[in-house]
Amino acid sequence: MLKLYLFAYNSLQAFGWTISLFRILTSFTATNSVNAAYASAGDLICLLQTCAFLEVVHGAIGIVPSGVLFPLMQWSGRTHFLLAIIRQIHEVQEVPAVFITFFAWSLTEVIRYSHYALNIFGGCPSWLTYLRYTTFIVLYPMGLAPGEMWLMYQALRFIKEKNLYGDFFANLPFSYYDFVMVVLFIYPFLWLNLYLHLFKQRRSKLGKHHKKKN
């Protein structure tokens, strides 16, 4: 029963991210512009990313071996980026950084969730395992620097002008603008921790496949 649940969850996520990737690329080819990425797939990506909190729960209760820390880091970073910044600041929804981020995320997640779903019953082809633990080398930095960080930097002006979340931060010694500035400063260090963790996984997983072939 647990395997069926995990297979269903990962399959639905893979399907959802496939649709988002299709929408992003269709919009790009139809308009010859990267400006409509959020309009074409933003709501779906917000939904998929919000639902991904289940992966933090999965790690917390021990039904998957991922633990809590790394899933929580990724989920909180992405969800803040999506719901607190892009969704609330219409002025940044059409910048190229959104297209870059959404493309990198979508392609990554199509591969990742497909790998998870097929691996539950031991039917994952070796080429998909290789893609799962190789494509992140390019896609993760792509999503980070010209994607998430560049967009957050572009959003700073509007955060300050609008005094975004001013009521919430009114009784705190810092503003949301200050918070995002700190996030931008520490983001590369947190990201590097996750990136190196993925390389560790890559050595472990691809090493096992290599041994099986021999």
Using the benzene-type ring in the case of Trp, are the ring centres of F136 and F199 under 6.0 Å apart?
yes
Classify the side-chain pair Y116/R132 by whether it contains a donor and acceptor separated by less than 3.5 Å.
yes
What's the verdict on ring-ring contact (aromatic ring centres under 6.0 Å, His included) for H58 and Y5, showing C-alpha distance, side-chain angles and the deciding distance?
CA-CA 11 Å; H58 295 165; Y5 161 72; 5.4 Å; yes
Same hydrophobic cluster for V110 and F22, using side-chain heavy-atom links shorter than 4.5 Å among ILVMFWY?
no
CD of Q49 to NE2 of H80: how many Å apart, nearest 0.5 Å?
13.0 Å
Flag the pair Y130 / W127 as yes when their ring centroid distance falls below 6.0 Å, and as no otherwise.
no
Test side chain to side chain contact (heavy atoms under 4.5 Å, CB included) on D178 and V182 and set out the steps.
CA-CA 6 Å; D178 298 326; V182 172; 5.6 Å; no
Within one Ile-Leu-Val-Met-Phe-Trp-Tyr cluster: L206 and L118, side-chain cutoff 4.5 Å:
no
Should we say atom OH of Y195 is surrounded by more than 12 heavy atoms from elsewhere, each under 6.0 Å from it?
yes
Any side-chain heavy atom of I85 sitting closer than 4.5 Å to one from L151?
yes
Counting only heavy atoms not in Y187, do more than 12 sit closer than 6.0 Å to its OH atom?
yes
Side-chain (R23) to main-chain (A41) donor-acceptor, under 3.5 angstrom
no
Angle between ring planes, F99 versus F28, binned at 30° and 60°: parallel, tilted or perpendicular?
tilted
Nearest-0.5 Å distance that lies between atom CG in L164 and atom CG in L156
11.0 Å
Do other residues, nucleotides or ligands put more than 12 heavy atoms under 6.0 Å from the CE atom of M181?
no
Short side-chain donor-acceptor distance under 3.5 Å, W105 and E109
no
Taken to the nearest 0.5 Å, the spacing of I86 CD1 from M152 CE works out to 9.5 Å
Mind listing the closest non-hydrogen atom pair of I89 and Q93 along with its distance?
O-CG, 3.7 Å
What is the distance from atom CD1 of I19 to atom OG of S40, rounded to the nearest 0.5 Å?
12.5 Å
Treating T31 as the side-chain partner and S27 as the backbone partner, does any N or O pair qualify as donor plus acceptor under 3.5 Å?
yes
Does L12 share a hydrophobic cluster with L47, counting links as ILVMFWY side-chain heavy atoms below 4.5 Å and allowing steps through other members?
no
Provide the closest heavy-atom pair for P146 versus I100 in the form atom of the first, atom of the second, distance.
O-CD1, 3.8 Å
Are I61 and F70 joined in one hydrophobic group, where the rule is that I, L, V, M, F, W and Y side chains link up if heavy atoms are under 4.5 Å apart?
yes
Aromatic ring proximity F174/F169, centre distance under 6.0 Å
yes
Starting at CZ of F7, measure out to CG of N119 and round the result to the nearest 0.5 Å.
12.0 Å
When you look at CZ of F121, are more than 12 heavy atoms from neighbouring residues, nucleotides or ligands closer to it than 6.0 Å?
yes
From Q74 CD over to L190 CG, what is the distance, rounded to the nearest 0.5 angstrom?
12.5 Å
Is there a donor-acceptor pair under 3.5 Å between the side chain of S114 and the backbone N or O of I111?
no
Can a donor-acceptor pair be found between the side chains of Y9 and E55 at a distance below 3.5 Å?
yes
